[in-house]
Amino acid sequence: MAGTLVELTPEQIAAFAADEPSWLFGRRLAALGRVSELPLRQSKQTPLETAPFLAPDLAQAPSVTAGDVPAGVELVDLRTAIQEGQLAVQQHLGRLFTEGESRLQALHLATFAGGAFCRVGRGVELKEPLQLTVELESGALYAPHLLVVLEEGARADLIVELRGGAGAEAAVRGAVEIVLGDNAALNYTEFQRVPGRTQTYWPRRAELGRDAKLHWILADVGARLAVADTRTYLRGSGAEARVLASFFGGRRQHFDFNHVMVHEGQHTTSDIEARGVLQGRARAVYNANSVIRKSAKGASGWQHEHTLMLSDEARADLIPELEISEWEVSAGHAASAGPVDPMQVYYMESRGISPVESRRLIVAGFLASLLQDIPLASVRERIADIFQEKVEL
Amino acid sequence: MARPELIIQGLRVGVEGREIVKGLDLTVRGGEVHAIMGPNGTGKSTMASALMGHPSYEVLGGTATLDGQDILAMSVDERARAGLFLAMQYPAEISGVSNANFLRTALNARRAENDPVPVMQFHRDLKAKMESLQIDQSFAERYVNEGFSGGEKKRNEILQMAVLRPRIAVLDEIDSGLDIDAVKLVASGVSQMLSEDLGVLIITHYQRILNYINPTNVHVMMQGRIVRSGGPELAMELEARGYEWLRQELGIDEPITEEA
Ligand SMILES: Nc1ncnc2c1ncn2[C@@H]1O[C@H](COP(=O)(O)OP(=O)(O)OP(=O)(O)O)[C@@H](O)[C@H]1O
Ligand SMILES: [Mg+2]
């Protein structure tokens, strides 16, 4: 596969970094140096394509638009943040990718172009959710990087939407990094509905300080091929993380999702709840892992995955794992995949509801619990509607 | 519209290759209340399920028409929209779907796409009907039948009937699992709906519910057929004497507990 990799020279990297500070140029070069040595870390059920290994065009940074930003908060284009010399950017950018870095991630760190930076200051508690839209236009490869930093005691809701014009046949090789200080709390909602010919490679990383709280609310409906790898490091004692992941694949969509919780601090708790719906010839490869390190006394890590199969030709591979190196913990997982209960459909039809509408309601009901924590009703309802309307019969 | 009319002739129904209903004739018209009684396992629910179109039951012969339309040729949802309603012995639970949303979807399925029932009006109507069945208002937002007690499920079935206003309602053991007061409540709920525009078929094991819904006709079903029909006095007699005398009279020697 190495042959598919575009040979990038330091000069090309310099072009990327033309108006960037030298520390960043140094990091880009170092990342480029690691590219050829690192393993691919691609799951064997998911075909590896060439597009994500191309170099993005700087001019092709996706447009990132943010809603209103209150006092004590910064939410800006990543380039702007870099130019402004934001210390937090220098401090954190790429840091969470050091552990278990893959070749693609190193390439991303060498060539990321655009993205967003969000910082919520110490003790700032936001009442209204922050909103961010990453919009793809036509063609090309996008490589945005989102960096979110909540300082000690900050509280916020952030809603990110990835979308694009219907004609876009893009590839996205992006990254999300979230750093939560002690006692910080973030509700991170991400709605991925890029056009049906797009491929996305979208690793997410988070680091939680003492008593920090993170909810990942992830809803995936778009893309031809979506590969996402979410890794949360519960470093401080008492940290708490949840993943609420919903997805709906149809036609020949292929999803490859991996959710990992890494417990390092004592009495850290995590919970992964994933629900997927598949129809047509869609396929989902779903991995989850709760890693409890030796230091994490009193940790608890749970996983529940369920996939609803609307067609016989769809396929789900659910691979839950536990990696436990500490005795005093509680952990477990449950995973299942199955068709819609024909008795539910019969019951609904017996009230006059058409077969397709019955399945829509069942799908909506199946996914409802994963969407209920989305802080804005308008966003929640829009996602629910898009899920429902996707049901074909 | 003319009075509703359900006509069943020579209906034969099989389950997993076994014939359960073996030639059943029955006509129910608007304004009539028919009660069907009979020992366990004689095919009462099978008949009701086959009328509604349950996928596990195979119609082997006979006809069933509702207002002259062949309902056996229709899909389940078409039968419902044609005016047939079945209060089920074991209603399904649907997680994540609220009762109110479910009912509103069902009502709108009966209306033109561009003419949905106004939301406020729907909720007002639902609230009133829940009150008259003494169903707590919180049930509107609870998920369909999920975590409902046996009696709550039965009441919910009747609530659905009240909202959907069918032309022919088949009530399969709507009184089972209800406490004494609830039987009265559910029965009077059904009674209030009675009119020339509604025909009711009640499957029951107990004469009690018939004290509150006066049946016009009572039938006894055994071995997949109606073996005797009469008026309300027949229900009284069965309550007092059981089925054995009828078996003997008819020369049926099937044990009561067969596979039931
Ligand atoms: N889905 C099914 N699969 C297998 N057998 C069935 C099924 N439904 C009904 N039967 C069988 O058909 C026969 C009639 O059952 P049915 O439920 O119609 O009886 P019933 O008269 O309603 O009895 P009860 O008074 O106990 O409700 C029984 O022997 C039952 O076991
Ligand atoms: Mg029965």
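A, B, ... follow the sequence lines: proteins, then strands. Residue 1 opens every chain.
Counting non-hydrogen atoms of neighbouring residues, nucleotides and ligands closer than 6.0 angstrom, the CZ atom of A:Arg193 exceeds 12 such neighbours. For CD of A:Gln372, the number of neighbouring non-hydrogen atoms (other residues, nucleotides, ligands) closer than 6.0 Å is greater than 12. Other residues, nucleotides and ligands contribute at most 12 non-hydrogen atoms within 6.0 Å of the CD atom of B:Glu113. For A:Lys213, the NZ atom counts as loosely surrounded, since its 6.0 Å shell holds 12 or fewer non-hydrogen atoms of other residues, nucleotides or ligands. Counted within 6.0 Å of CG on B:Asp115, heavy atoms from surrounding residues, nucleotides or ligands total more than 12; the atom is thus considered enclosed. Applying the 6.0 Å contact sphere to CD of B:Gln134 captures no more than 12 heavy atoms from other residues, nucleotides or ligands.
Using a 4.5 Å cut-off between heavy atoms, A:Ser350 contacts chain B through both its backbone and its side chain. For B:Glu78, no part sits under 4.5 Å from any heavy atom of chain A, backbone or side chain. Within the 4.5 angstrom heavy-atom criterion, only side-chain atoms of B:Asn145, from C-beta onward, approach chain A. Contacts between B:Arg110 and chain A at a heavy-atom distance below 4.5 Å involve the side chain alone, from C-beta outward. The contact between B:Leu86 and chain A is made by backbone and side chain atoms together, counting heavy-atom distances below 4.5 Å.
Here A:Glu357 contributes atom CD and B:Asp77 contributes atom CG; the two are 11.0 Å apart, rounded to the nearest 0.5 Å. With values rounded to the nearest 0.5 angstrom, A:Leu361 atom CG is found 9.0 Å from B:Ser98 atom OG. Of the inter-residue distances, the one linking A:Arg351 atom CZ with B:Met161 atom CE reads 10.5 Å to the nearest 0.5 angstrom.
Taking each heavy atom of B:Ala92 and A:Gln344 in turn, the nearest pair found is CB-CA, 4.2 Å. The shortest non-hydrogen separation linking A:Tyr346 to B:Gly53 is CE1-C, 3.9 Å. Considering every non-hydrogen atom in both A:Gly352 and B:Ala109, the closest pair reads O-CB, 3.2 Å. Between A:Ser354 and B:Arg81, the shortest heavy-atom contact is N-NH1, 4.3 Å.
No other option in A:Ile353, A:Val345, A:Ile362 has as many heavy-atom pairs under 4.5 Å with chain B as A:Ile353. Ranked by non-hydrogen atom pairs under 4.5 Å with chain B, the options A:Pro355, A:Gly365, A:Ala368, A:Ala364 are led by A:Gly365.
Contact annotation: the side chain of B:Tyr90 never approaches that of A:Tyr347 to less than 4.5 Å [non-hydrogen atoms, C-beta and beyond].
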